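Everything on this sheet refers to the single structure shown next.
A note on names: the letters A, B, ... follow the listed sequences, proteins ahead of strands, and every chain is numbered from 1. Every value quoted in this text rests on a predicted model; they were computed, and no experiment measured them.
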Amino acid sequence: MAVLSYLEAIRETLRQEMRRDPRIIIYGEDVGVRGGVFRVTEGLQKEFGEERVIDSPLAEAAIVGTAIGAAINGLRPIPEIQFADFIFPAMNQIIQEAARIRYRSNGAFHVPLVIRAPFGGGVHGALYHSQSVEAFFAHVPGLKVVIPSTPYDAKGLLAAAIEDEDPVLYFEHKAAYRSVKGEVPEERYLIPIGKADVKKPGRDVSIITYGLMVNYSLRAAEELEKEGISCEVLDLRSMRPLDVEAILETAKKTGKVLIVHEDNLTGGIGGEVSALIAEHALFYLDAPIVRLAGPDVPAMPYSPPLEHAFMISPEKIRDKARELAQF
Amino acid sequence: MAVLSYLEAIRETLRQEMRRDPRIIIYGEDVGVRGGVFRVTEGLQKEFGEERVIDSPLAEAAIVGTAIGAAINGLRPIPEIQFADFIFPAMNQIIQEAARIRYRSNGAFHVPLVIRAPFGGGVHGALYHSQSVEAFFAHVPGLKVVIPSTPYDAKGLLAAAIEDEDPVLYFEHKAAYRSVKGEVPEERYLIPIGKADVKKPGRDVSIITYGLMVNYSLRAAEELEKEGISCEVLDLRSMRPLDVEAILETAKKTGKVLIVHEDNLTGGIGGEVSALIAEHALFYLDAPIVRLAGPDVPAMPYSPPLEHAFMISPEKIRDKARELAQF
Amino acid sequence: MADNGLTPELMLDMYYHMALSRAMDDRMWILNRQGRAPVVYTSNGHEAAQVGSAFALNRGEDWICPYYRDLALVLAYGMTPREVMLHVLGRADDPNSGGRQMPAHWGHAKLHILTGGSVVATQDVHATGLALASKILKDGRVAVAYFGEGSTSQGEFHEALNFAAVHKLPVIFFNENNGYAISVPSRKQMAVQDVAARAQGYGMPGVIVDGNDPVKVYEVVKEAADRARRGDGPTLIEAKTYRFVPHSSDDDDRAYRTREEVQEAKKRDPLILFEARLKEAGILTDEKLKEMQQQIKDVVNDATDYAEKAPLPDPATLWDHVYGSL
Amino acid sequence: MADNGLTPELMLDMYYHMALSRAMDDRMWILNRQGRAPVVYTSNGHEAAQVGSAFALNRGEDWICPYYRDLALVLAYGMTPREVMLHVLGRADDPNSGGRQMPAHWGHAKLHILTGGSVVATQDVHATGLALASKILKDGRVAVAYFGEGSTSQGEFHEALNFAAVHKLPVIFFNENNGYAISVPSRKQMAVQDVAARAQGYGMPGVIVDGNDPVKVYEVVKEAADRARRGDGPTLIEAKTYRFVPHSSDDDDRAYRTREEVQEAKKRDPLILFEARLKEAGILTDEKLKEMQQQIKDVVNDATDYAEKAPLPDPATLWDHVYGSL
Ligand SMILES: Cc1ncc(C[n+]2csc(CCOP(=O)(O)OP(=O)(O)O)c2C)c(N)n1
Ligand SMILES: Cc1ncc(C[n+]2csc(CCOP(=O)(O)OP(=O)(O)O)c2C)c(N)n1
Ligand SMILES: [Mg+2]
Ligand SMILES: [Mg+2]
């Protein structure tokens, strides 16, 4: 099996899907000639032509809004938002339109649409090239939100998102693009949206997380293993719908839950996960439910000491998990 | 003391504040000649002139964005978004600009701004005139979010929001505008943002809520009182910052917590409140933390049976609280 | 009039739909005043612009993206009075939304009437997207977005026109300029007289048309549609019109415009003007008119009765259609 | 040239700032290639447009709302090279952001340089708001928003211009049209040749100016500022320019434009043109030029050294300035 980077897995999946389904079009800022600012779409315009890989005007509401129209009229658009930070001008189209069209039309219309956007920090991107925005969308019924942590998942989740008949936000961690590598089968496969994945089984503490933090949590778990602490790492994969069953199962199994995300603590996905456990598995708990998340400051600063202070690291996860194990 | 409606309390506070501070301007769609579609700003243009009460173009990003500029250049703007549902085009200005300007400029700039918007359902407003949008903003460091439940709070919180040096979202429940009445002192007073309020003390169950649901919860508590069940009703008043201390105090006191909001369940304020308790007061709990919230459907439908099925009612609250008391 | 393709029959049919819409509209307001419809919107005064434009399209095949003002449009496009009333009364069988949306939030998949929400100007972008797909799929369809002049202040209006022009898409932007956005007069909305003045800045034709003349409207829309189908790109059309009644049943327009102004505008009531014109041309006789009026009365009564008897949605359906599959 | 108010001294000062900016810019790229600055942006090629416009304003009093392209602008507006380098290297004393923002995210309260984020076009709306306050407070200030042609596709550009025109605000929209938005050429950005063509649709003057000529730019900005101060409202100015180097240090412009095109554009390098012109006019001598070049070298070295020695932010300050008070 080929070993691909996270970025390559996404690119090759886009290519495979576009070969499979002529209705798929890609567009966004710089996705064509330039192949995207991260080069995720590199080579695709060459293969599929200017009509299927479109350099659009610099206008996110138009990018998403026209994709909605195009989806309704028979295409399968995969618009790219250049950085997740720039998705806000399209908020109105995503939340008020894409998410509500099926419901408001009583099922007469629907919007098969995959919005791709790189997110996350740790790459000197500063306030406006480091944001985690998944919580805004995970709050919205009608949307699905997925975040892969590995090249394998990147492929399977992207194919599933494209297959889905509803709008899916697909966030790619930019720090994972080149640093995370793994085996990826050549043939097409789908990873069901809404299913979490136990990336490492364990007994003492459950680490529930997603995205790049899965990789960091695995590193932390590995270190703790040497200390005799056994962590289970649950990769949520999908922020909406959440896999409630898997969340409760791991909570019940270990009785100690650490939730990790890079997004700001307050109002992040972690609160929802914690609340689900506190409502449905409370009496299995042996310790408080702990969240380790981005600090409640507006966004990630640029200067290395500040960026470092903001970012969640394997060490921070390890320390919190150890503390919890020893509770 | 005068008895005012919730709406009148807001209008009279705006008037009082504008008399006090000539830097205050109001603008938005239909706020001038028409006095707002709910007539909250009625009479203000007559008193303060067209320059201080401005009928703006139909453009929410411009309404909020120009208010940011005006605030930085010395005014105290109070823009109105006609319905909270229409705040999405301004999301970019609120989240990426207003919330981050102080932080990104290292304190050199700040944005004293109060964004008013009617929210909430139960008035046949359907999908786009019934929404609760507070969770989106409560997730954002740099913003403050308040929601009054009574005319008294409406005045004190609005004055405090105007006094605040940072952007505050002030959401008004449109079903409360005329139905909720109460005594309001003539003189100016501030209710500190970030402080919750025990609207009714109790022993058996804590109901943590805000906005119109405070009124509904009080009704439920009254009924349960007759059954010998004593509920404490905590009005959060401020969604950001949350009054963590007050939340933990009531949770520890009763050991049984019911969180109520009209906004969709998943990703709503309730998850955050629950997570705070599950992390910091877990061992005081005698029962699972229960959330009663708007269903996870895209937005409130129009037709009465569907609207009714969506809305939280005093009866639904009563039943849940009773269940919890009997746990 | 012959060379534009409008036969006497078509013109009579236009008139019928204008009159039907006015009658439906009046009935809706009565239902509201009787407490049987919590809120209603209106197309009263806009009928010529809407019906004229509908007739210029390949109805049911081309896409229209209406807004809440477009009752006459959707009727002319094929929505039945019964369907409209099911919608207005929030009934389960409402094809627009199954009773989920407020009245006047149109959408009819089979007729290619795009579902609309309340947020103004979003449909401008959707129409552009529909047209993008049509260009790629070569399905020959034109998409038309309808919108008020107030909504042109929204950023999405701008983004839509710009995108459409760059990609030369088969789309028409049809503005119904009635001079007000609820209470805000257009001089507070924009510093130019005409919405059409913006077209040049996007690189597309901007056409002003008398919105009280359905034939003129028909002609300019036809031309724009031909242009679109030829691959020559979008057109911005501005129909000058007037709303004769308040914005919605929750509005009171006396707060912001004089009765004299409204009376003055009513002298150019498109329904009355077109009636006179058809009579003058010998297309409409007194007899035919009476017959038509009776037919409309019957149709409106039938639609109202039908909808009032129709069941409301089952509360359990609250959970339907959140997703296609989970 | 006398009647425009530009004395020889002022013109020399203009040239100095253009050359200083170019030198600072070059240094920043070196720092990047050496791994000492993770990312840098550029104003290389835009200097005449930026400096010319700055000199036409009441510097430090009027508001400017720059974007990441505007190094020459902020230098001409009074930001010192040391301040710039503190910013570029993310130092604690960076007056723009205390090291919080990426390089080229300007903001300097004392100089009335508005803080900017990365989201394009938001500053157009802020400038409009600053001007709204100026109009109400009668403080005599003009606000100027700077932006690339790519960003004019954003809805907020439209909303800003419309709002400003309706309220006749003292604001100038200054477009630096370099023909590309990263890799996207302007023909894929808009279907018109000139950004200025949009002005008419808002009811304001649209002025095209040679962005390689700082004097011409100075003149049109001066006129627009006078107009604004007179209460006659906003102006849209389009300076035609070119970016000589990649979009940022992360970009590789060979992917989207030929070397020939870049070479051709460089024949109109504003720095070289202005130097020749000043020499021709006898304002700049070889001696003076040499002296200036040495001065610039020293200043740039000093700024770099100073900033490199300056402390990075204390991690504990991560929590500062979230709110004024809680
Ligand atoms: C984004 C948004 N903001 C506010 C509203 C509330 N609103 C509904 S209609 C309307 C006025 C629209 O005026 P115009 O576009 O001229 O259309 P008309 O009603 O005159 O046909 C407003 C402000 C809305 N629907 N959407
Ligand atoms: C809303 C938004 N979308 C995308 C980006 C990413 N981006 C940064 S600069 C740029 C191109 C801007 O081009 P232009 O406005 O012409 O300015 P120039 O860089 O050419 O001076 C893009 C797409 C952004 N900063 N903001
Ligand atoms: Mg109008
Ligand atoms: Mg450019």
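His126(D) has its side chain within reach of Gln93(B): a pair of non-hydrogen atoms, C-beta onward, lies under 4.5 Å apart.
Counting all heavy atoms, side chain and backbone alike, Thr66(B) lies closest to Val125(D) at N-CG1, 3.4 Å. When all heavy atoms of Trp63(D) and Ile72(B) are compared, the closest pair comes out as CH2-CG2, 3.9 Å. Nearest heavy atom pair, residue Ser325(D) against residue Asp166(B), reads N-OD2, 4.1 Å. Of all the heavy atoms in Ala62(B) and Phe163(D), the pair that sits closest is CB-CD1, 4.2 Å. Annotation for Glu159(D) and Ala59(B): closest pair OE1-CB, 3.3 Å, computed over non-hydrogen atoms. Annotation for Ile54(B) and His167(D): closest pair CG2-CE1, 3.4 Å, computed over non-hydrogen atoms.
If you tally non-hydrogen atom pairs under 4.5 Å between each of Pro192(B), Ala108(B), Ser105(B) and chain D, the highest count goes to Ser105(B). By number of non-hydrogen pairs under 4.5 angstrom with chain B, the leading residue of Ala143(D), Pro95(D), Pro313(D), Gly116(D) is Gly116(D). Your options are Ile193(B), Ile101(B), Asn92(B), and the one with the most heavy-atom pairs under 4.5 Å with chain D is Asn92(B). Interface summary for chain B: among Leu169(D), Thr317(D), Ile136(D), the most heavy-atom pairs under 4.5 angstrom belong to Ile136(D). Listed options His158(D), His105(D), Arg141(D) were ranked by heavy-atom pairs under 4.5 angstrom with chain B; first place goes to Arg141(D). Of the residues considered (Gly98(D), Ser97(D), Gly155(D)), Ser97(D) shows the highest number of contacts with chain B, using heavy-atom pairs under 4.5 Å.
Using a 4.5 Å cut-off between heavy atoms, Val140(B) contacts chain D through its backbone alone, with no side-chain atom that close. Using a 4.5 Å cut-off between heavy atoms, Asp139(D) touches chain B through its side chain atoms alone. In this structure, chain B has heavy atoms under 4.5 Å from both the backbone and the side chain of Leu318(D). Residue contact with chain D, scored on non-hydrogen atoms closer than 4.5 Å, involves the backbone and the side chain of Arg102(B) alike. Contact annotation for Asn162(D): only side-chain heavy atoms (C-beta onward) come within less than 4.5 Å of a heavy atom of chain B. With a 4.5 Å cut-off on non-hydrogen atoms, Pro241(B) touches chain D through its side chain but not through its backbone. For Ile63(B), no part lies under 4.5 angstrom from a heavy atom of chain D. Contact of Arg76(B) with chain D is not made at all, since no heavy-atom distance falls under 4.5 Å. When heavy atoms are compared at a cutoff of 4.5 Å, Glu51(B) approaches chain D by way of both its backbone and its side chain.
Looking only at distances, no side-chain donor or acceptor of Tyr103(B) sits under 3.5 Å from a matching main-chain atom of Asp320(D). Listed for the Arg100(D) side chain is no donor-acceptor partner under 3.5 Å among the backbone atoms of Asn106(B).
The number of heavy-atom neighbours closer than 6.0 Å to CD of Gln16(B), taken from other residues, nucleotides and ligands shown, is above 12. The 12-atom threshold is not exceeded at NZ of Lys195(B), counting heavy atoms of other residues, nucleotides or ligands nearer than 6.0 Å. Residue Glu245(B) places its CD atom among 12 or fewer non-hydrogen atoms of other residues, nucleotides or ligands, all under 6.0 Å distant. Residue-environment remark: CD (Glu61(D)) exceeds the threshold of 12 foreign heavy atoms within 6.0 Å.
A distance of 14.0 Å separates CE in Met102(D) from CZ in Arg104(B), rounded to the nearest 0.5 Å. Note that the OG1 atom of Thr128(D) and the CD1 atom of Ile68(B) stand 12.0 Å from one another [nearest 0.5 Å]. Taking CG of Leu137(D) as the start and CG of Leu75(B) as the end, the distance is 4.5 Å to the nearest 0.5 Å.
Between the side chains of Ser134(D) and Asn73(B), a donor-acceptor pair is found at a separation under 3.5 Å.
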